[in-house]
Student: 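Got a structure for you, questions after.
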Amino acid sequence: MGKPPNLYAFQGADELAQSLRAYVLEAQNSALTRHKVFRVAVSGGSLPKMLAQALLRESTGDDKDKVEFDKWEIFFADERAVPLDHEDSNYRLVKEEILDKAPAGLGKPKVYAIDVKYLDDVQELADQYEQTLVNAFASRDSVRLPVFDLLLLGCGPDGHTCSLFPGSPLLRESDAWVLQISDSPKPPPKRITLSLPVATHGVKIAFVATGGGKKDIMKQIFDTDEGQQLPCGLINAQGQERVSWFVDYPAIEGVSFPARRGSL
Ligand SMILES: O=C(O)[C@H](O)[C@@H](O)[C@H](O)[C@H](O)COP(=O)(O)O
């Protein structure tokens, strides 16, 4: 039996962002020591904004507190089947919130967007994105699953994460790396998403969930058996101590699972 996931709770966004920065940079530094590149998967929703608040704040000047974007490879944990400049695009969100605002001194990451040639065929869009991962992570023959150094995920009010929704047959996928969805309960309906095995195999997996709107689902995920069957709960169960949640106090109001408050 491994250890349970880590639940870190903060009074407000600023404290959360500060600790999220320390956590991401620790993951970055250890990945760079291991293989000179930092491979990250990011979600949409409120995450890119919080990530910007974490990464674009002033450095402490410490050697370890340095964002090295030129060594980052950014992938999408899920993406909507829309053009890259569309208001629903997660790529656009990450670009506008983080990349366009990053000072030049941090360097430029390599960003793996979806291939918009395939927008009309979501299965092909998913297959092509899987091929992008195959190429980026070397040949699939030698890699059973792509192992991201860090996955940065959000948690929906129904317990979904990436575009893996509660009760979806996609949760039973054990082979494919990237899946298509044509009837997402959260609009827009057409999306691609990493599969559960890929989402749970990260070296580190972080969830960011803030606001009182998350407290009911947080209670379910952390305090009930049924919650462990929800997509976020499945990642908690399989990822164990590799999973860390960054939440604010309103999001864990009434949650019994022990949270570490105020710092990592
Ligand atoms: O593209 C998406 O729809 C997201 O990747 C989705 O999985 C998101 O992370 C959650 O819905 C939480 O969203 P919030 O952080 O905005 O609550």
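Only a predicted model underlies this, so the values are computations on that prediction, with no experimental measurement involved. Counting starts at 1 for both ligands and their atoms, in listed order.
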Student: Working note: Val40 + Asp149, criterion side-chain contact (heavy atoms from CB on, under 4.5 Å); need CA distance, chi angles, decisive distance, verdict.
Tutor: CA-CA 6 Å; Val40 190; Asp149 297 306; 5.9 Å; no
Student: Report the C-alpha separation of Leu150 and Phe38 in whole Å, then their side-chain angles, then the decisive distance to 0.1 Å, and conclude whether the side-chain contact (heavy atoms from CB on, under 4.5 Å) test is met.
Tutor: CA-CA 8 Å; Leu150 175 63; Phe38 183 42; 3.9 Å; yes
Student: Would Phe148 and Phe137 count as a ring-ring contact (aromatic ring centres under 6.0 Å, His included) here? Give the steps.
Tutor: CA-CA 9 Å; Phe148 286 99; Phe137 283 81; 5.1 Å; yes
Student: Quick one: closest heavy-atom pair of Leu152 and Leu47, and the distance?
Tutor: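 Heavy atoms of Leu152 and Leu47 come nearest at O-CD2, 3.4 Å.
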Student: Please report whether the ring centroid of Phe246 lies less than 6.0 Å from that of Tyr23.
Tutor: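 Yes.
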Student: Could you check whether Asp127 and Gln123, counting side-chain N and O atoms only, form a donor-acceptor pair closer than 3.5 Å?
Tutor: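 Judged by distance alone, the side chains do pair up.
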Student: When you pair each N or O of ligand 1 with protein N or O atoms, which pairs come out under 3.5 Å?
Tutor:
{"from": "ligand 1", "atom 1": "1 (O)", "to": "Asp78", "atom 2": "OD2", "distance (Å)": "3.1"}
{"from": "ligand 1", "atom 1": "1 (O)", "to": "Arg80", "atom 2": "NE", "distance (Å)": "2.9"}
{"from": "ligand 1", "atom 1": "1 (O)", "to": "Arg80", "atom 2": "NH2", "distance (Å)": "3.2"}
{"from": "ligand 1", "atom 1": "1 (O)", "to": "Asn90", "atom 2": "ND2", "distance (Å)": "3.0"}
{"from": "ligand 1", "atom 1": "3 (O)", "to": "Arg80", "atom 2": "NH2", "distance (Å)": "2.9"}
{"from": "ligand 1", "atom 1": "3 (O)", "to": "Lys186", "atom 2": "NZ", "distance (Å)": "3.1"}
{"from": "ligand 1", "atom 1": "3 (O)", "to": "Arg191", "atom 2": "NH1", "distance (Å)": "3.1"}
{"from": "ligand 1", "atom 1": "5 (O)", "to": "Gly44", "atom 2": "N", "distance (Å)": "3.0"}
{"from": "ligand 1", "atom 1": "5 (O)", "to": "Asp78", "atom 2": "OD1", "distance (Å)": "2.6"}
{"from": "ligand 1", "atom 1": "5 (O)", "to": "Asp78", "atom 2": "OD2", "distance (Å)": "3.0"}
{"from": "ligand 1", "atom 1": "7 (O)", "to": "Cys162", "atom 2": "O", "distance (Å)": "2.6"}
{"from": "ligand 1", "atom 1": "11 (O)", "to": "His160", "atom 2": "NE2", "distance (Å)": "2.6"}
{"from": "ligand 1", "atom 1": "11 (O)", "to": "Lys186", "atom 2": "NZ", "distance (Å)": "2.8"}
{"from": "ligand 1", "atom 1": "15 (O)", "to": "Ser46", "atom 2": "N", "distance (Å)": "3.1"}
{"from": "ligand 1", "atom 1": "15 (O)", "to": "Ser46", "atom 2": "OG", "distance (Å)": "2.5"}
{"from": "ligand 1", "atom 1": "16 (O)", "to": "Ser46", "atom 2": "N", "distance (Å)": "3.0"}
{"from": "ligand 1", "atom 1": "17 (O)", "to": "Lys214", "atom 2": "NZ", "distance (Å)": "2.6"}

